Amino acid sequence: MSYGAKTYKQTSITTSTPEQVLLMLFEAAIKSSKLIKLHIEKKNTTEKCKHIGKVHDILMELRNSLDHSKIPQLAVQLDSLYEFCIAQLFKVNLSNDIAAVENVTKILTTLHEGWVAAVNETKKKNKEGTKK
């Protein structure tokens, strides 16, 4: 990545809301999980491992950012899903299991869709609240 692209990416992250950063993390994880499958099919171990590492790092960041004090039950459920995805990534790394990487992609996509809906609903409620 060029210096300009890195600077732009860093600026977009630092000027984003926490919700936008969360969605960007999911989008990056989904993209990399799809690339894992592609690199397994191409038998490109180096790139497969690079993208496994990216998804793993994002999942760890998501786990570490969970706030168990706000909605404990949701945090526990999300933590379990992230842990399951990490276990699936180890399986992919060891045996090139396409089904395991597809599981990860499906879970991440579903969670992303849920967060998009939640963020949009929050924005809608905030707009309605400011109109009153």
Side-chain angles (χ1 to χ4, degrees):
M1 187 180 304
S2 72
Y3 173 76
K6 282 183 181 179
T7 303
Y8 173 78
K9 186 176 180 180
Q10 184 63 35
T11 300
S12 84
I13 291 170
T14 57
T15 59
S16 297
T17 65
E19 295 83 6
Q20 291 169 323
V21 172
L22 177 73
L23 295 178
M24 284 190 266
L25 285 170
F26 274 104
E27 289 159 7
I30 292 165
K31 180 180 176 183
S32 280
S33 70
K34 289 177 180 178
L35 288 171
I36 294 167
K37 180 180 176 184
L38 175 74
H39 291 300
I40 289 171
E41 291 166 348
K42 289 184 172 186
K43 298 184 182 347
N44 186 338
T45 304
T46 303
E47 287 297 309
K48 174 196 83 169
C49 291
K50 178 176 117 180
H51 289 286
I52 287 172
K54 285 183 179 185
V55 177
H56 178 270
D57 290 348
I58 291 169
L59 287 166
M60 291 304 295
E61 183 62 32
L62 291 169
R63 284 184 85 184
N64 291 334
S65 67
L66 289 172
D67 185 349
H68 290 268
S69 67
K70 299 226 174 169
I71 307 174
Q73 185 179 3
L74 177 61
V76 168
Q77 291 172 345
L78 287 171
D79 190 53
S80 293
L81 281 172
Y82 299 152
E83 187 177 331
F84 174 78
C85 288
I86 290 167
Q88 291 294 288
L89 290 175
F90 283 118
K91 189 174 181 182
V92 171
N93 196 34
L94 292 174
S95 63
N96 289 331
D97 188 330
I98 296 283
V101 76
E102 288 173 341
N103 287 338
V104 172
T105 304
K106 190 180 299 183
I107 289 168
L108 292 171
T109 301
T110 301
L111 290 171
H112 177 260
E113 290 168 355
W115 283 115
V116 167
V119 168
N120 289 338
E121 184 64 26
T122 301
K123 284 181 186 177
K124 182 180 169 184
K125 286 181 180 179
N126 288 342
K127 281 184 183 179
E128 290 171 1
T130 58
K131 289 181 182 178
K132 293 180 180 182

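Here the structure is a predicted model, which is why all the values come from computation and not from measurement.
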Going through the distances and angles, do Asp57 and Lys54 end up as a side chain to side chain contact (heavy atoms under 4.5 Å, CB included)? CA-CA 5 Å; Asp57 290 348; Lys54 285 183 179 185; 5.9 Å; no
Calculate, to the nearest 0.5 Å, the distance between atoms OG and CD belonging to Ser32 and Glu27 respectively. 12.5 Å
Does Ser65 reach the main-chain N or O of Leu62 with its side chain, forming a donor-acceptor pair under 3.5 Å? yes
Are more than 12 heavy atoms, taken from residues, nucleotides or ligands other than Glu121, located less than 6.0 Å from that residue's CD atom? yes
With side-chain contact (heavy atoms from CB on, under 4.5 Å) as the test, pick out the partner of Ser33 among Val92, Thr105, Asn103. Thr105
For the pair Asn93 (side chain) and Leu89 (backbone), establish whether a donor and an acceptor sit closer than 3.5 Å, ignoring hydrogens and angles. no
Of the non-hydrogen atoms in Cys85 and Ile107, which two are nearest, and what is the gap between them? SG-CG2, 3.7 Å
Do any pairs count as a ring-ring contact (aromatic ring centres under 6.0 Å, His included) and have a residue in residues 37-72, sequence neighbours left out, and if so which ones? His39-His51
Interatomic spacing from CD in Glu83 to CD in Gln88 - rounded to 0.5 Å: 12.0 Å
Is there a side-chain contact between Lys34 and Ile30 in this structure, where contact means two heavy atoms from C-beta onward sitting under 4.5 Å apart? yes
Within the structure provided, determine whether Lys48 and Asn96 are in side-chain contact (heavy-atom separation under 4.5 Å). yes
Heavy-atom nearest pair, Asn44 first then Glu47, reads OD1-N, 3.1 Å
Is any side-chain heavy atom of Ile86 closer than 4.5 Å to one of Met60? yes
Does Leu35 belong to the same Ile/Leu/Val/Met/Phe/Trp/Tyr cluster as Ile52, with side-chain heavy atoms less than 4.5 Å apart forming each link? no
Common cluster, Leu25/Val101, ILVMFWY with side-chain heavy-atom separation under 4.5 Å: yes
The single option from Leu111, Val116, Thr109 that satisfies side-chain contact (heavy atoms from CB on, under 4.5 Å) with Glu113 is Thr109
Which heavy atom of Ala29 sits nearest to which heavy atom of Val55, and what is that distance? O-CG2, 3.5 Å
How close do Ile40 and Ile98 get, counting heavy atoms only, and between which atoms? CG2-CD1, 3.6 Å
I'd like to know if Tyr82 and Val76 are part of one continuous hydrophobic network [Ile/Leu/Val/Met/Phe/Trp/Tyr, side-chain heavy atoms within less than 4.5 Å]. no
Determine the minimum heavy-atom distance between Ala75 and Leu66, stating which atoms define it. O-CD1, 3.5 Å
Rounded to the nearest 0.5 Å, what separation is found between the CG atom of Leu108 and the NZ atom of Lys31? 15.0 Å
